S.K.: 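To start, I am sharing the structure in question, which I have written as structure tokens.
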Amino acid sequence: MDIEIKEHTAPGYAPVIDYESWRVAVLNDCEELEVPKLKTMQKHLLSDEVFVLLKGSVTLFMGGCGDSVGKIRSVTLEPYKCYNVKAGVWHTHTLAPGSSVLIVENRDTCDANSPTVKLNERQIEELRACVD
């Protein structure tokens with residue numbers, strides 16, 4: 001077959017295409033990514049992660065590099081632009097209802113090479129302030 005057509009329409013994250021060393025996934029809005037429920041950040045040690053807004057409204061939150069999350073800043077994605085979160089940068093995201101984002105990352109990106117940390121109360125307030 002000379003073309004592969006895949007989609008993901010359910011809530012949450014799902015890889016849709018794996019090829020050699022890279023993976024394309026779709027992330028759709030889901031309850032766990034609503035701002036009041038965001039309490040962690042992760043970083044990928046071996047891969048940058050590229051986000052492309054497909055529809056709706058998506059906000060990326062970044063907390064710098066290093067052993068712990070630093071000052072939190074945010075960026076609201078614009079359609080047709082590629083946002084490359086570099087390897088080692090703490091991050092999370094929120095999606096408004098009905099929103100979807102395309103994600104490109106290394107195929108071997110997983111929990112073993114993507115540490116997650118709990119945010120403290122000050123960091124959670126800082127994150128929430130980015131969208132108020």
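The structure displayed is predicted, hence computed values, not measured ones.
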S.K.: With distance as the sole test, does Asn106 use its side chain to make a donor-acceptor pair with the main-chain N or O of Trp22 at under 3.5 Å?
M.R.: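 Here the side-chain-to-backbone pair does not exist.
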
S.K.: Nearest 0.5 Å please: distance from the CZ atom of Arg23 over to the OG atom of Ser47.
M.R.: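 One gets 8.0 Å once the value is rounded to the nearest 0.5 Å.
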
S.K.: In terms of hydrophobic clusters joined by side-chain contacts under 4.5 Å, are Val26 and Val24 together?
M.R.: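 Same cluster: Val26 reaches Val24 through Ile, Leu, Val, Met, Phe, Trp or Tyr contacts under 4.5 Å.
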
S.K.: Counting only N and O atoms by type, is there a donor-acceptor contact under 3.5 Å from the side chain of Asn28 to the main-chain atoms of His8?
M.R.: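 Checked: pair present.
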
S.K.: Is it possible for you to say whether Leu102 and Tyr19 belong to one hydrophobic cluster, with membership spreading through side-chain heavy-atom contacts below 4.5 Å?
M.R.: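 Same cluster: Leu102 reaches Tyr19 through Ile, Leu, Val, Met, Phe, Trp or Tyr contacts under 4.5 Å.
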
S.K.: Nearest 0.5 Å please: distance from the CG atom of Leu27 over to the OG atom of Ser100.
M.R.: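 It comes to 8.0 Å.
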
S.K.: Are Phe61 and Thr59 packed together at the side-chain level, in the sense that at least one heavy-atom pair is separated by less than 4.5 angstrom?
M.R.: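 In contact.
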
S.K.: Which pair of heavy atoms, one from Val101 and one from Val52, lies closest together, and at what distance?
M.R.: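 Shortest heavy-atom separation between Val101 and Val52 comes out as CG2-O, 3.3 Å.
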
S.K.: Okay, side chain of Asn84, backbone of Asp48: is any donor-acceptor separation there less than 3.5 Å?
M.R.: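 No.
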
S.K.: Less than 4.5 Å apart, any side-chain heavy atom of Leu60 and any of His93?
M.R.: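 With C-beta onward as the side chain, the pair touches.
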
S.K.: Using side-chain heavy atoms (C-beta onward) and a distance below 4.5 Å, is Lys71 in contact with Glu126?
M.R.: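 In short, these two side chains touch, coming nearer than 4.5 Å.
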
S.K.: Which atom names give the shortest non-hydrogen contact between Val16 and Lys6, and what distance separates them?
M.R.: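 For Val16 and Lys6, the tightest heavy-atom pair comes out as O-CG, 3.3 Å.
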
S.K.: What's the shortest heavy-atom distance between Leu53 and Leu77, and which atoms?
M.R.: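 Here Leu53 and Leu77 meet closest at CD2-O, 3.6 Å.
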
S.K.: Mind listing the closest non-hydrogen atom pair of Ser114 and Thr109 along with its distance?
M.R.: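 Result for this residue pair: OG-CG2, 3.6 Å.
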
S.K.: Taking Val89 as the starting point, is it possible to reach Val75 by hopping between hydrophobic residues whose side chains are less than 4.5 Å apart?
M.R.: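 Yes: a chain of side-chain contacts under 4.5 Å links Val75 to Val89.
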
S.K.: With a 3.5 Å distance limit and no angle check, can you tell me whether Lys43 reaches the backbone of Val69 through a side-chain donor-acceptor pair?
M.R.: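 Judged by distance alone, no pair lies under 3.5 Å.
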
S.K.: CD1 of Ile103 to CD of Glu49: how many Å apart, nearest 0.5 Å?
M.R.: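 One gets 5.0 Å once the value is rounded to the nearest 0.5 Å.
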
S.K.: So, Gln123 side chain and Asn120 main chain: donor-acceptor pair closer than 3.5 Å or not?
M.R.: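 At least one qualifying donor-acceptor pair exists.
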
S.K.: Nearest 0.5 Å, what's the OG-NZ distance between Ser99 and Lys55?
M.R.: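 Taking OG in Ser99 and NZ in Lys55, the distance rounds to 8.0 Å.
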
S.K.: Check for me, please, whether Val50 and Met62 land in the same ILVMFWY cluster - side-chain distances under 4.5 Å, paths through other members count.
M.R.: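 Val50 and Met62: separate clusters.
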
S.K.: What distance do His44 atom NE2 and Asn113 atom CG have between them, rounded to the nearest 0.5 Å?
M.R.: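 Spacing of NE2 (His44) from CG (Asn113) equals 8.5 Å.
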
S.K.: How far does CD of Glu105 sit from OG of Ser21, to the nearest 0.5 angstrom?
M.R.: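 The CD atom of Glu105 sits 12.0 Å away from the OG atom of Ser21.
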
S.K.: Are the side chains of Met41 and His91 in touch, meaning some heavy atoms are under 4.5 Å apart?
M.R.: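 When only atoms from C-beta onward are counted, His91 and Met41 do not touch, as no gap falls below 4.5 Å.
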
S.K.: Quick one: are Val58 and Phe51 in side-chain contact, heavy atoms under 4.5 Å?
M.R.: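 No, too far: nothing below the 4.5 Å cut-off.
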
S.K.: Does atom CZ of Arg128 have more than 12 heavy-atom neighbours, drawn from other residues, nucleotides or ligands, at distances under 6.0 Å?
M.R.: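 Yes, CZ of Arg128 has more than 12 neighbouring heavy atoms, counting only those of other groups under 6.0 Å.
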
S.K.: Taking all atoms of both residues into account, what is the closest heavy-atom pair of Asp29 and Leu95, and its distance?
M.R.: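 Smallest interatomic distance, heavy atoms only, reads N-CD2, 3.6 Å.
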
S.K.: Do you reckon Tyr13 sits in the same ILVMFWY cluster as Trp90, going by side-chain contacts under 4.5 Å, direct or chained?
M.R.: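 Linked, Tyr13 and Trp90 end up in one cluster.
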
S.K.: Search all heavy atoms of Glu31 against all heavy atoms of Lys37 and return the closest pair with its distance.
M.R.: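 For Glu31 versus Lys37, the nearest heavy atoms are O-CD, 3.2 Å.
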
